[in-house]
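The structure appears below as C-alpha cells.
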Protein chains: 4
Amino acid sequence: MTRMSTATKTKVEQSSERRDEILAIAARLISRRGYSATTVRDIAEEAGILSGSLYHHFASKEAMLQEILHGFMDRLLTRYDEIAANATDPRAGIDALIECAFETIDREPAAVGLYQNEAAFLSTQPGFEFLLAESTRIEKIWIAQLRAGQEAGVFRAEGDPAVTYRFIRDAVWATVQWYRPGGRHTVASMTEQFLKLLHDGLSTR
Amino acid sequence: MTRMSTATKTKVEQSSERRDEILAIAARLISRRGYSATTVRDIAEEAGILSGSLYHHFASKEAMLQEILHGFMDRLLTRYDEIAANATDPRAGIDALIECAFETIDREPAAVGLYQNEAAFLSTQPGFEFLLAESTRIEKIWIAQLRAGQEAGVFRAEGDPAVTYRFIRDAVWATVQWYRPGGRHTVASMTEQFLKLLHDGLSTR
Amino acid sequence: MTRMSTATKTKVEQSSERRDEILAIAARLISRRGYSATTVRDIAEEAGILSGSLYHHFASKEAMLQEILHGFMDRLLTRYDEIAANATDPRAGIDALIECAFETIDREPAAVGLYQNEAAFLSTQPGFEFLLAESTRIEKIWIAQLRAGQEAGVFRAEGDPAVTYRFIRDAVWATVQWYRPGGRHTVASMTEQFLKLLHDGLSTR
Amino acid sequence: MTRMSTATKTKVEQSSERRDEILAIAARLISRRGYSATTVRDIAEEAGILSGSLYHHFASKEAMLQEILHGFMDRLLTRYDEIAANATDPRAGIDALIECAFETIDREPAAVGLYQNEAAFLSTQPGFEFLLAESTRIEKIWIAQLRAGQEAGVFRAEGDPAVTYRFIRDAVWATVQWYRPGGRHTVASMTEQFLKLLHDGLSTR
DNA sequence: CATGAATGAGTATTCATTCAT
DNA sequence: CATGAATGAATACTCATTCAT
C-alpha cells in the first residue's frame, strides 16, 4: 500500500457529482474483485475516461478507498447513534440496529461488501486507523444494548455480549454476499426472519 | 502446519513435505493480505527460498491457490459427509456440523480465512468451478438436516431453511476473523455459546 | 524507416508515427537476432523509452510481430496483384515479380529478413494463420505466370512449376542476407543478373 | 549468449552414443523453433531425462550448438574437398556439389535447417568464428569451379561468380524447409530439376 | 477536465545452470 | 549417470502515477 502524497490532499474535500459517480463505480468494482485486483484503469474505463484523468478528481487510488470507507462508516455511525439515542428499550434498540444494517445492505451493498472484504487487513495499515476507531464505537453501541437487555432480564444472561454481538454482526453483514435487492427477499423479510431466529431460537421447546 | 488428509493424497501432483509446508505458508499469507496482495516473493521469502524456486513445486501462483482451496473443501466435505451419515437426529446433526466448523476454524484458520475472503469472487473464475460445486453439496447437507428438524417438529417451521443455513454458516465461519486459538475462547466454549444462542434464542420468554 | 501503405492503414489499431517508428525498430532488431532473442527492452531502448512504455502502443511483443508481418505481406500482395493484373505476357510477368521482390528487399530489408527467419515456424502458431493464407495466395500468383509461360511455349515444359517457383523465391529472398543497399550491387544489377541466370541458364550451348 | 566455462571443456571430446542421440534431438528441436526458443528442458524431456542431467554430457546449451554446427560443417567441407579434388571438369564439379548439397539435406535436415536459421547471427558471436572461416572455405570451392567453367567457356561469362554462387546456394539449401524425404520428391528428382533449370534456364530459345 | 505518452517500480514466470544426494 | 531442489538473472508484462498539451 503506497503512501499518500500530502501535496494533493486538498482535493479530497471538493465534492461533486462526478466524484460521487466515480466513487460509486470504484466501490462496486472493489467490492467484487477486491482492492488489489481492481485497477485504476478498470475504474476509469467504467467511468468512461482514461486512467490518468482520475487523478484530476482523486489524489490516489488509496484516497478513493479511504473516502469510500470513511463515508460509509460515518453514515452508519450517524444512524446507529440516532437509534441508540431514541431506543425506548433494549429489544427495540437491537431490532432497530439490525433493521438498519439490512437497510444499509440494501442501500449501499458495494460499500458493505468492500468493507467486509478489506477492513480486517486495512485497519492495520497507516491511513486507515479510523476503521478501528469507528468500528470500536459501533461495537460499544451494540454491546450497550445487549448488556442493558441482560440487566433488564429480557435477554438471556449466559452469553458474553461481545461474542453475541459478533455472531449477530457477521450473520447480518454477510448477507450482502447473497442478498439481491429485487429478488426473492426484501429488507423487511430478511429482517423479520433474522429477528425471529435471533430472539426465539431455532428449536421449539 | 496442516497436513493433507490421506483422502485427498491421490492428487495428480504428488504431495511432498516441502510442498505442504509451502502451501501452509501461502495459505497463511493469502488469508491475511488477500490473494492479489500476496506476492510469490512474499511466499518464497517466508519459505526461505527465491521466488523462482517456487515453480519447481507449483505450476503457478494460481495453482497453489487451487490446491489450498481444493484440499480444504475436500477435507471439509469428507467430515460433513461422515457427520450426516452418522447423525442420530437433526438436532444432533446440526450441532455436530457446527462443532465441526469451529474445529476446522481452530485447526486450519488460514484456509478458512482464505476461503471466506476469496471464494465469492473466485467461484466465477475459470479453474475454480469446484468451489461452487462443493459449496452446493455442503449446503445440501446442512439444509437436509434443517428440513428434517422442521419436519420432526424440533426446529421451528417458519424460517426458510436456506436462509437459516446462511445465517448460521456466516456467523460461524466469520469467527475465524477474531477467534484466536489459545486465547480467551476455546472451540468448546465457542461451540457452546453459539449453540445456546442458536437453539434457545437471545430473548427470554 | 518504412511507412505503412495506405492500403493497410484501415487496421483496428490506428497507426501513428510513433507506432510506425517503433515497429520499424522492432523489425530491424528481430530480423537480426530473431524474435525470441530480441527482448522488448532491446526494442524500447532503441526507441528511447522504457520497456513498459511499449505497452502503451502495443498489446504485446507478439502483437508487434503480427503487425509487422501482416503489414509486410499485405503490401507485397497488393503489389503482386497489381503486377499480375497488368502483365502483358508471362515472361514480363515473372520478370516484374522478381524485380518487385528485389525492390522490396531494398525498401524494407528488415521485414523481409524477419519473414524469412520466422515465418516457417510462426505459420504453425495461433494468431499467425494469415501467414499461410497469404503465402498461398502469393504462390498462386507466381505459379499462374509460370504455367502460362509453359503453355505459351516461352518457358520450358519439363519442370514442376511449384518447385521452380520455390527455387526462384528462395534464391531471390535470401539475397536480403547479403545484399546491402548502397554497396556494390543495386536493385537493377541484382535483378538483371538474376534474370539472366534464370532465363538463359548458367551453361553456354 | 553466455560464455562457455573453460573448466568443463574437456567433456566436449568424449563422444558416445548417448551424446549423439541428444545432439540429434537438440538439432531437430532447434531447427524447428530456433535456438533461443528451444529450452534445455525441451531437449532433456525429449531425451527422457531431466534438464540438469544434460550437463553431465555437455558443458552448456551453447556447447551443444557449437558441436552440432562444427560437426555439420566439418562433414560438409570434407565432402566438398573430395568433390573438388576429383572433379574432372567444372560442369561435373558444380553438379556434384549440388547433388552433395541435396544429399546432405536428405541425410541431416535438422543440421541444415539449424544452420540456415542461426548461422547468420551466430557467426558474429564469440565462440562461433569457425562458422565464418568454414563458410568462406566452402565459398572458395564453389567459386573456383564457377570461375574455371567461365574460363573454359562452358559457363556464361557475364555473371559475377560470387553472386551466382549465392543464388545457387540459397535456392538449394532453402529446399530443406519444404522438401520432405519420403514425399513426392527424391534427392535425385530434386537434383535433376534444379540442374536442368540452372544450366538451361527457364526460357526456351 | 481530459488526453496520451511516458515513468519506474513491481509482478509472475522462465530458464540455463549448479550441486548434494 | 541421473535426480530434484535450488539459484540468480532475465523475461514479458502491469500498474499507479505524472505531466505537457
Side-chain angles (χ1 to χ4, degrees), chain A residues 1-5 7-8 16 18-19 22 36-44 47-64, chain B residues 14 16 18-19 22 36-44 47-64, chain C residues 14 16-19 22 36-44 47-64, chain D residues 1-5 7-8 16 18-19 36-44 47-64:
Chain A
M1 196 131 297
T2 37
R3 211 62 1 99
M4 260 176 80
S5 71
T8 48
S16 79
R18 192 79 178 109
R19 280 174 62 84
I22 294 171
S36 306
T38 305
T39 72
V40 94
R41 236 149 86 178
D42 291 335
I43 299 168
I49 55 178
L50 287 178
S51 67
S53 308
L54 271 186
Y55 290 80
H56 200 70
H57 301 282
F58 304 96
S60 67
K61 187 188 175 191
E62 195 180 321
M64 300 181 69
Chain B
Q14 36 179 335
S16 75
R18 192 79 179 108
R19 279 175 63 86
I22 293 170
S36 302
T38 303
T39 70
V40 298
R41 282 243 284 269
D42 291 336
I43 298 168
I49 56 178
L50 288 174
S51 68
S53 306
L54 276 184
Y55 291 80
H56 186 67
H57 302 280
F58 305 97
S60 66
K61 186 188 174 190
E62 194 179 306
M64 300 181 68
Chain C
Q14 36 179 333
S16 74
E17 277 194 30
R18 192 78 179 110
R19 278 175 64 86
I22 293 170
S36 302
T38 304
T39 70
V40 297
R41 283 242 284 269
D42 291 336
I43 299 168
I49 56 178
L50 287 174
S51 68
S53 305
L54 277 183
Y55 291 82
H56 185 68
H57 301 281
F58 304 97
S60 66
K61 186 188 173 189
E62 195 180 306
M64 299 181 68
Chain D
M1 195 130 301
T2 38
R3 211 61 2 97
M4 262 177 79
S5 70
T8 48
S16 79
R18 193 79 178 110
R19 280 175 61 84
S36 306
T38 304
T39 72
V40 94
R41 235 147 91 175
D42 291 336
I43 300 168
I49 55 179
L50 288 177
S51 68
S53 308
L54 271 186
Y55 290 80
H56 201 70
H57 301 282
F58 303 97
S60 67
K61 186 189 175 190
E62 194 179 322
M64 300 180 69

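Every chain is numbered from 1 and lettered A, B, ... according to where its sequence line falls, protein lines coming before strand lines. Computed from heavy atoms alone, side chains included, the values below leave out hydrogens, waters and symmetry copies. Note that this is a predicted model, so its numbers are computed, not measured.
- Base pairing in DNA chain F yields stems of at least 3 consecutive Watson-Crick or G-U pairs, both distances under 3.5 Å, namely E:2-21 with F:2-21.
- Closest contact between the side chain of B:Thr39 and the listed nucleotides E:dA16, F:dC13, E:dT11 involves E:dT11.
- In this structure, B:Glu62 places its CD atom 12 Å from P of E:dA12, rounding to the nearest Å.
- Qualifying side chain to side chain contact (heavy atoms under 4.5 Å, CB included) partners for B:Ala47, counting only residues two or more places apart in sequence or in other chains: B:Arg18, B:Ile22, B:Ile25, B:Ile49.
- Taking each heavy atom of B:Ser51 and B:Ala44 in turn, the nearest pair found is CA-CB, 3.4 Å.
- Positionally, the nearest nucleotide of DNA chain F for D:Arg41 lies more toward the 5' end than for the other of D:Arg41 and C:Asp42.
- Distance CD1 (C:Ile43) to P (F:dT11): 12 Å, rounded to an integer number of Å.
- In this structure, the nucleotide among E:dA12, F:dA12, E:dT18 sitting nearest to the side chain of C:Tyr55 is F:dA12.
- Contacts of C:Ser36 with the nucleic acid, taken as non-hydrogen atoms under 4.0 Å apart, are absent.
- Atom-to-atom distance recorded for C:His56:NE2 and C:Arg19:CZ is 10.5 Å, nearest 0.5 angstrom.
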Can you check each nucleotide of nucleotides 2-9 of chain E against protein heavy atoms at under 4.0 Å and return B for base, S for sugar-phosphate only, - for none, in 5' to 3' order? SBBBSBB-
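- In this structure, NZ in B:Lys61 is found 11.0 Å from CG in B:Leu54, a value given to the nearest 0.5 Å.
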